[in-house]
Amino acid sequence: MPRLPRFDVLFEPVPIGPVTAPNRFYCVPHASGMTNSMPRMRAALRGMKAEGGWGVVCTGYVSVHPTADDSPLPYATLWDDNDIRSHALMTDAVHEHGALAGIELWHGGGSVSNKTSRLPPLSPSGVSWMATHVGFMGTQRSKAMDKTDIRNLLHWQAEAALKAKRAGFDIVYVYAGMGYLPYEFLLPEWNTRSDEYGGCVANRVRIVRELLAATHDAVGDTCAVALRISLEELRARPSECAASEAHEVVELLADVPDLWDVKMDSSPTDCAPSRFTAEGSHEPVIEFVKRTTKKPVVGVGRFTSPDTMVSQIKRGVLDLIGAARPSIADPFLPRKINEGREQDIRECIGCNICISSWHDSVPIRCTQNPTVGEEWRRAWHPERFEAAGSKSAVLIVGGGPAGLECALTLGRRGYQVSLAEAAEQFGGRLRFETTLPGLATWGRVLDWRLGQLQHLDNVTLYAGNRLTVDDILGLEHQRIVIATGARWTRMLYSTLELPVKSLEGGNVFTPDDVAAGTHIEGPIAVFDFDNYYMGGVLAEHLARSASRVTYITPAGHASAWTIMTNEQPQVHRALASARIGLKTLSRVTGISGDAVTLANLFTGEEQQLPCKSLIIVGARTARNELYHSLMQRRADWGPAGISSVDCIGDSLAPGAIAHAVHNGHRFARELDQAAGHEIYRRDSPILLSPPLLYAAGRHEAPAS
Ligand code: ADP
Ligand code: SF4
């Protein structure tokens, strides 16, 4: 199908300094969890986006020098020739599809602790980031930069730019965002200098101007020089000569960079979760930039609708549609628009599981796109599938995320698939969870799969069919896949940090009871040691109708794991605004008719909290009775024509939706393939220089 004419504007080329983007789809720098030790995986990840039609594809953050060492977080480096070769794999992969490759050169300043390099971190005035979460804390503070350090910084940026050019990059960044070094110069809390780099805005912006000049001088003849800058804080600060300090900074630098890449200041506002923030949330902060510069402007906003993208261009907000998450959820988004298939776009749900992988220091993962991060190591292409390896008919029992993903992927491979779901509606856990505060957007996991399944004649959906073992034995399918999900338990939490001892009683409930519509009498205590979203979101949900809700957790924060998905600050704000009581570092040990007993996690000191009902959001257990019953009936498989029975998703191992989708996808990819897929191809660093041997305190090159 041809693309709709109203989207033509998205496919116009855009000159950026000495290079030209082939269209307006711009994959901005984003973390991939892949360091230089995974260069092939990284190249395949980025190359896939270029194949999917993104006109510009950027790296994640790339350190210019060992004084910028973000370990244990997975950052990339451009320090030596080995690093050049490592990145060249990516530029080759991106150029192969006619896209431009951009590199985000980065210095972390006082936000990093140099845990590996052991070099003193550098910052404008010796101020360091004092994180509130242990995962981001460090024990090393920064050194105030002197003039030599400033000269060094400019030199490192220029050197790294030259290396970037040799690696084949077309766009080279100066990164003044998100608390990193050049940004630190912009804010007076970080920058208390009394020399020409501190004080008024013109002085504070000087280092950014000099970094841009150094980059231009080094590579500006052939590469575009981009400035990525966070404007949220600056926009909130009044200026004597402009509408805000952000306006003043942009006016001072207006046409110095070849491209403005504008963003927010902290990960939770920059990469805001859909639970709390709608699409296009950056616009009120960055909308003025394009009026101030003649250079192209790129910005993000979790854009997945082509109409929204066109509106951003037509209204003069942006020149290039920036995306990180939408390009992760669907690397082929631009192509689908170009081919008139915009209804096929797998829209990002804004859950931020992708960001959690960076915080976890592992390769990127995505709830919507199970193939992300697997392009090289498992050779999964998001749009291409191996033909079926047999004529087997497959029966999938359970139409939640795992069953739906498995059915879709098997269907695309050409298998005959029947998908049976007990409920009248497909969706599994999503049926309830998408009704909870802020989670409606997650319904895209279900909607996209059901929409795609409609195109497949070889997949038949049966809603309202609760299958028994005898039903399955009579249905004449060769392959049986059980995707029956998991259930929440009433287990409590021991001092050994384990789920133990089920707490039974008429006033003890789980999220499954709430999902089933059971009346829960208030006041209510929600005891959460699952630590992801369910405890917090359920407390919010119940607070809409109950007289009083108290949220209790043995962790130090509410929904503690959501620090990984950028949700935690907003979770606390949401609980506070719903007037939900908060008890941290506490275990529930029992319940009477009108109170729960809490014990302090460390001292054991007990406390009574008045409540009529307790909801335990703790351990989940696989709903796999059907699977085990089928395994016990092995003798009946032959006569029934069954050759295999497998379990996938939560009924195999309960977890986040992303894991169920990945597991359902993996099963479908690997059906009738050679065994041994648990061991994927493992990437390794590219080392051209001779490896160094350590011997008796001396570093020696090997003899040959
Ligand atoms: P997952 O996340 O692994 O996909 P879910 O809990 O979201 O798991 O979905 C499991 C689905 O399986 C639910 O919709 C449930 O109704 C369905 N189900 C459970 N038992 C049966 C059964 N015997 N027959 C058909 N569907 C079932
Ligand atoms: Fe979007 Fe979630 Fe995928 Fe990230 S993990 S790209 S937020 S769907």
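This chain uses plain numbering: 1 for the first residue, then up along the sequence. As the structure lists them, so they are numbered: ligands from 1, and atoms in each ligand from 1.
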Distance-only polar pair, side chains of [X] and [Y], donor-acceptor under 3.5 Å:
{"X": "T308", "Y": "S305", "result": "yes"}
{"X": "Y26", "Y": "D261", "result": "no"}
{"X": "R666", "Y": "H662", "result": "no"}

At under 4.0 Å between heavy atoms, which part of A420 makes contact with ligand 1: side chain, backbone, both or neither?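 A420 to ligand 1: backbone contact only, side chain stays beyond 4.0 Å.
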Give the contacting part of N465 toward ligand 1: side chain, backbone, both or neither, where contact means a heavy-atom distance below 4.0 Å.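 Backbone only.
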Pair D636 + R633, salt bridge at N-O below 4.0 Å: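 Counted as a salt bridge, because a side-chain N and a carboxylate O are separated by less than 4.0 Å.
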Between the side chains of E383 and R412, is the shortest nitrogen-to-carboxylate-oxygen separation below 4.0 Å, so that they form an ion pair?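 No, this pair does not count.
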To which protein heavy atom is atom 6 (O) of ligand 1 closest, and what is the distance rounded to 0.1 Å?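 Going by distance alone, atom 6 (O) of ligand 1 is nearest to G485 CA, 3.3 Å.
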The closest protein heavy-atom partner of atom 12 (O) of ligand 1 is G398 CA, 3.2 Å
Assess the pair Y61 and H30: is the distance between their ring centroids shorter than 6.0 Å? no
From CA spacing to verdict: side-chain hydrogen bond (donor to acceptor under 3.5 Å, both in side chains), S418, H477: CA-CA 9 Å; S418 305; H477 286 67; 2.8 Å; yes
Report, in ascending order of atom number, the atoms of ligand 1 lying under 4.0 Å from any heavy atom of A483. 10 (C), 11 (C), 12 (O)
Element-labelled atoms of ligand 1 that are located less than 4.0 Å from some non-hydrogen atom of A422: 25 (C), 26 (N), 27 (C)
May I ask you to test the N624-I482 pair for a side-chain heavy-atom distance under 4.5 Å? no
Cation-pi check, R378 onto Y680 ring (under 6.0 Å, within 45° of axis): no
Protein N/O/S atoms under 2.8 Å of atom 3 (Fe) of ligand 2? C366 SG
Which option, D650, L446, V445, owns the non-hydrogen atom nearest atom 2 (O) of ligand 1? D650
